[in-house]
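Everything on this sheet refers to the single structure shown next.
When reading the values below, keep in mind they use all heavy atoms of this one structure, side chains included, and skip hydrogens, waters and symmetry mates.
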Amino acid sequence: MEEDQIIMFDSQGAIRMYNPEKFDELLKVIETQRHYTEKMDEFRTMVNQTMTIVQRLGEAIEQEKLKAIGARNMVESEAEERTRTLQEAQIRLREKQLELDRYIAEYDSLVKIEREQQMTFKSLSKSQE
């Protein structure tokens with residue numbers, strides 16, 4: 001056995017002999033691995049947090065997109081409704097104009113008949129005198 005070797009128990013309880021230089025190197029490697037693992041865990045946590053934020057933003061964007069589509073549909077339907085209402089108003093206006101024209105013609109006809117009747121009454125009253 002060499003004097004510069006270290007005697008230790010391994011994880012299964014077996015006795016092991018280590019070279020001090022190699023053992024120090026091993027400790028450095030273990031420390032580096034632990035540091036690397038910690039950094040990877042920190043990185044994984046940051047990635048998970050970032051992904052959560054991105055997912056929330058994506059959901060918020062999707063909700064706003066749906067709201068915008070709904071608003072656009074409402075605006076388009078409102079424009080169609082205005083056009084339909086205008087057409088209905090124009091149809092009612094034409095119907096009322098035709099009705100007015102018919103009433104005016106009827107009135108003119110009645111005025112003409114009234115004049116003729118008044119002339120007939122005048123001529124009949126003159127003839128009776």
- Message: As an exercise, state the distance from OG1 of T52 to CG of N48, rounded to the nearest 0.5 Å.
- Response: 6.5 Å
- Query: Around atom CD of Q33, are there more than 12 heavy atoms of other residues, nucleotides or ligands at under 6.0 Å?
  - Reply: no
- Does M51 belong to the same Ile/Leu/Val/Met/Phe/Trp/Tyr cluster as F43, with side-chain heavy atoms less than 4.5 Å apart forming each link? yes
- Item | Gap between atom CD of E78 and atom OG1 of T85 - 0.5 Å precision | 8.0 Å
- Before giving the answer on side-chain contact (heavy atoms from CB on, under 4.5 Å), spell out for N73 and E76 the whole-Å C-alpha distance, their side-chain angles and the decisive distance to 0.1 Å. CA-CA 5 Å; N73 290 343; E76 288 173 356; 4.0 Å; yes
- Query: Out of curiosity, R92 CZ to Q90 CD, how far, rounded to the nearest 0.5 Å?
  - Reply: 10.5 Å
- Query: Atom CD1 of I91 and atom CD of Q87: how far apart are they, to the nearest 0.5 Å?
  - Reply: 7.0 Å
- Message: As a quick check of understanding, evaluate salt bridge (charged side-chain N to carboxylate O under 4.0 Å, His left out) for R34 and E38, giving each step before the final call.
- Response: CA-CA 6 Å; R34 186 186 62 73; E38 287 174 359; 2.3 Å; yes
- Answer yes when E81 and R84 have at least one side-chain N-carboxylate O distance shorter than 4.0 Å, and no when they do not. yes
- Identify whether the distance between the nearest side-chain nitrogen and carboxylate oxygen of E64 and K67 falls below 4.0 Å. yes
- Is any side-chain heavy atom of E106 less than 4.5 Å from a side-chain heavy atom of Y103? yes
- Item | Atom pair CG (L93) and CG (L98), whose distance is rounded to the nearest 0.5 Å | 9.5 Å
- Message: For a 4.5 angstrom cut-off between non-hydrogen side-chain atoms, does Q49 reach T45?
- Response: yes
- Note on the structure: Residues pairing under salt bridge (charged side-chain N to carboxylate O under 4.0 Å, His left out) where one sits in residues 43-62, two or more places apart or in two chains, turn out to be D41-R44
- Would you list the pairs meeting salt bridge (charged side-chain N to carboxylate O under 4.0 Å, His left out) in which at least one residue belongs to residues 114-124, sequence neighbours left out? none
- Message: Does any part of the side chain of T83, heavy atoms only, come nearer than 4.5 Å to the side chain of E80, both counted from C-beta?
- Response: no
- Report yes or no: does S109 contribute a side-chain atom to a donor-acceptor pair with the main-chain N or O of A105 at less than 3.5 Å? no
- Message: Rounded at 0.5 Å granularity, tell me how far CD in E25 sits from OG1 in T32.
- Response: 10.5 Å
